[in-house]
Undergrad: 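Once you've had a glance at the structure underneath, I'll fire off some questions.
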There are 2 protein chains.
Amino acid sequence: MPSPTRRRRPSQGRSRATVEALVEAAAQVFERHGYAAGTTNRIAERAGVSIGTLYQYFADKDALLVAVAEEHLRRGAAALVPLVATLADDPPPAPAAALGDLLRAMLALHVDRPRLHRLLFEEAPLPERIVDGVVALEAEFAGRVADWLRRSPSVTVDDADTTAWLLVQAIEGLVHRWVIHPPTAGDDERFVAATVALLTHGLGGAVRPAPRTTAGGGR
Amino acid sequence: MPSPTRRRRPSQGRSRATVEALVEAAAQVFERHGYAAGTTNRIAERAGVSIGTLYQYFADKDALLVAVAEEHLRRGAAALVPLVATLADDPPPAPAAALGDLLRAMLALHVDRPRLHRLLFEEAPLPERIVDGVVALEAEFAGRVADWLRRSPSVTVDDADTTAWLLVQAIEGLVHRWVIHPPTAGDDERFVAATVALLTHGLGGAVRPAPRTTAGGGR
DNA sequence: ACCAAGTCTGAGCAATTGCTCAGGTCGTTG
DNA sequence: CAACGACCTGAGCAATTGCTCAGACTTGGT
């Protein structure tokens, strides 16, 4: 039984290359034109095959989108799952280090094709199956983060579950907004430093080495 | 000269009511069906007028979307601008109170029609004029927040500008995600409390009344 | 060389949809 | 009442687009 997104299984090397080219072309066309204006004819043309070939491997336009989303998700999970797993280490990783690593990993996942992820999960009509998968993955991450918060001696939060959810959502959302509308061009480390400081110490954070005892804002 | 989004200016009371009904119908139809599937015929039907009437007041489908966006923005600005203005008070408002007020105001703006704002600024093809307006408003807010951070004696951050940007984006993004995918149903105060705690004190925050003096990163 | 299965082609069908326009209805003014 | 303009109607046009199908080309095994 073929995958629900595929119509025909490629068996020879030639057709496997065709399918790869189609998924890549779909990602490019969707990224550039959006979902509605990303026509199947354009995708086939971009992939260098005819429209008939496209419909031999994909049941409909949605199947193409799903294939792109699955590929994107696969890469994201591959990069983040091991990182999140380290939160279970003993002793638990320090907040600043852990959050910085996560932020840098998320940034790396979004530097190229920044519009694609947004398109996949906000603009385009992904089937519930995929959306549920993402929600489940986020929930799993939040659960592991909550455990980590509870096990960390330097962390004292009232509501570990809600705070963990906030952390997961904030990291994902802020990285997104940063890569799409950066207020200052490209200074990624500045973004990471400020975000880590905000999340670990809040507005009272960023204590400089040996600060004056007088009151005074930063800088 | 008519507004660029309008074709004909309504002069009598009857037609003004028609235009209002059309904008409201467009908001409902776009919210329910998305932009692409929100057909102009359906909007006209929902508003109780014929398709011809719709095109007497709106040049094209985009003009309808722009009218909805402008209305939405008008309400948002009306609710948030006065709140942000209080950040310039002397003495500066306490972080917890100010952030809590902003969060509650944002929540109130999104409890009904949670999908609409997302659709307007993420799915639909808004003209640059509108997007630039939003970016400018966010930038103005971030500027006022940065000033407030610098003037607040209890706040010590390294990079007030970047932190202010992070606060604005985090509040907007987290409220969005909360109203669309709340992990636990509807406990808004819990969300506000946890967010305020995270943003003001970070992971070392939420000091319970009379905590022990034992080790702990808390402040 | 031959053939069966795998692979590819692309003109065109069916359905959707944004939008027009010729003509109708209603309210207001002289 | 008459007439003018504001307002409204809705069948249908033009263009787009997802997708089909009948047949041609390629490959690999015998």
Side-chain angles (χ1 to χ4, degrees), chain A residues 1-26 28-30 32-68 123-127, chain B residues 2-26 29-30 32-68 123-127:
Chain A
M1 181 192 299
S3 158
T5 74
R6 300 271 175 89
R7 176 163 283 186
R8 179 176 195 150
R9 259 265 163 61
S11 65
Q12 304 180 357
R14 175 167 53 139
S15 57
R16 230 169 296 135
T18 299
V19 170
E20 268 182 41
L22 280 168
V23 175
E24 173 61 24
Q28 291 181 21
V29 170
F30 285 147
R32 174 178 296 269
H33 301 278
Y35 181 72
T39 70
T40 51
N41 281 286
R42 214 190 310 242
I43 291 171
E45 189 187 15
R46 178 98 190 180
V49 300
S50 87
I51 181 65
T53 297
L54 188 156
Y55 280 98
Q56 263 187 343
Y57 297 103
F58 297 91
D60 52 23
K61 191 181 173 181
D62 258 25
L64 220 26
L65 184 79
V66 168
V68 173
E123 167 181 342
L126 279 179
Chain B
S3 156
T5 74
R6 300 270 174 90
R7 177 165 283 187
R8 178 178 194 148
R9 256 282 164 47
S11 65
Q12 304 180 357
R14 176 166 52 138
S15 58
R16 229 168 297 133
T18 298
V19 169
E20 267 182 42
L22 280 168
V23 175
E24 173 61 23
V29 170
F30 285 148
R32 175 177 295 271
H33 301 277
Y35 181 72
T39 69
T40 51
N41 281 286
R42 212 187 315 238
I43 291 170
E45 189 186 15
R46 178 100 190 178
V49 299
S50 86
I51 181 66
T53 298
L54 187 156
Y55 279 98
Q56 264 187 344
Y57 297 103
F58 296 91
D60 51 24
K61 191 180 173 180
D62 257 25
L64 220 26
L65 183 80
V66 168
V68 173
E123 168 181 342
L126 280 179

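So that the names make sense, note that chain A is the first sequence line, chain B the second, and so on, each numbered from 1.
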Undergrad: Quick one, B:I43 with B:F30, criterion side chain to side chain contact (heavy atoms under 4.5 Å, CB included). Give me CA distance, side-chain angles, the key distance, then yes/no.
TA: CA-CA 9 Å; B:I43 291 170; B:F30 285 148; 3.8 Å; yes
Undergrad: Would you kindly give the CG-to-P distance between A:N41 and C:dT9, to the nearest whole Å?
TA: 13 Å
Undergrad: Under a 4.5 Å cut-off applied to non-hydrogen side-chain atoms, are B:K61 and B:Y35 in contact?
TA: yes
Undergrad: Give one of base, sugar-phosphate or nothing for A:T39, where a contact means two heavy atoms less than 4.0 Å apart.
TA: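 Since only primed, P, OP1 and OP2 atoms lie under 4.0 Å of A:T39, the category is sugar-phosphate.
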Undergrad: What is the distance, rounded to the nearest whole Å, between atom CD of B:Q56 and atom C1' of C:dT25?
TA: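 Distance check: B:Q56 CD to C:dT25 C1' gives 13 Å.
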Undergrad: Residues in salt bridge (Lys or Arg N to Asp or Glu O under 4.0 Å) with A:E20, at least two apart?
TA: none
Undergrad: Rounded to the nearest Å, what distance is computed from the CD1 atom of residue B:I51 to the C1' atom of nucleotide C:dG24?
TA: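 From B:I51 CD1 to C:dG24 C1': 18 Å.
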Undergrad: How do A:Q12 and B:D62 order along DNA chain C: which one's closest nucleotide is nearer the 5' end?
TA: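 By nearest-heavy-atom nucleotide position, the 5'-most residue is A:Q12.
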Undergrad: Do B:F58 and B:L65 have side-chain heavy atoms sitting under 4.5 Å apart?
TA: no
Undergrad: Give me the first and last nucleotide of DNA chain D, going 5' to 3', that has any atom under 4.0 Å from a heavy atom of chain B.
TA: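 For DNA chain D, the relevant span reads D:dA6 to D:dA11.
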Undergrad: So, does A:T53 get its side chain near the phosphate of C:dT9, meaning an N or O under 4.0 Å from OP1 or OP2?
TA: yes
Undergrad: Distance check needed: C:dG27 P versus B:R14 CZ, whole Å only.
TA: 6 Å
Undergrad: Would you say the side chain of A:S15 lies within less than 4.5 Å of the side chain of A:T53, judging by non-hydrogen atoms?
TA: no
Undergrad: Out of curiosity, B:T40 OG1 to B:L64 CG, how far, rounded to the nearest 0.5 Å?
TA: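 Rounded to the nearest 0.5 Å, the OG1-CG separation comes out at 8.5 Å.
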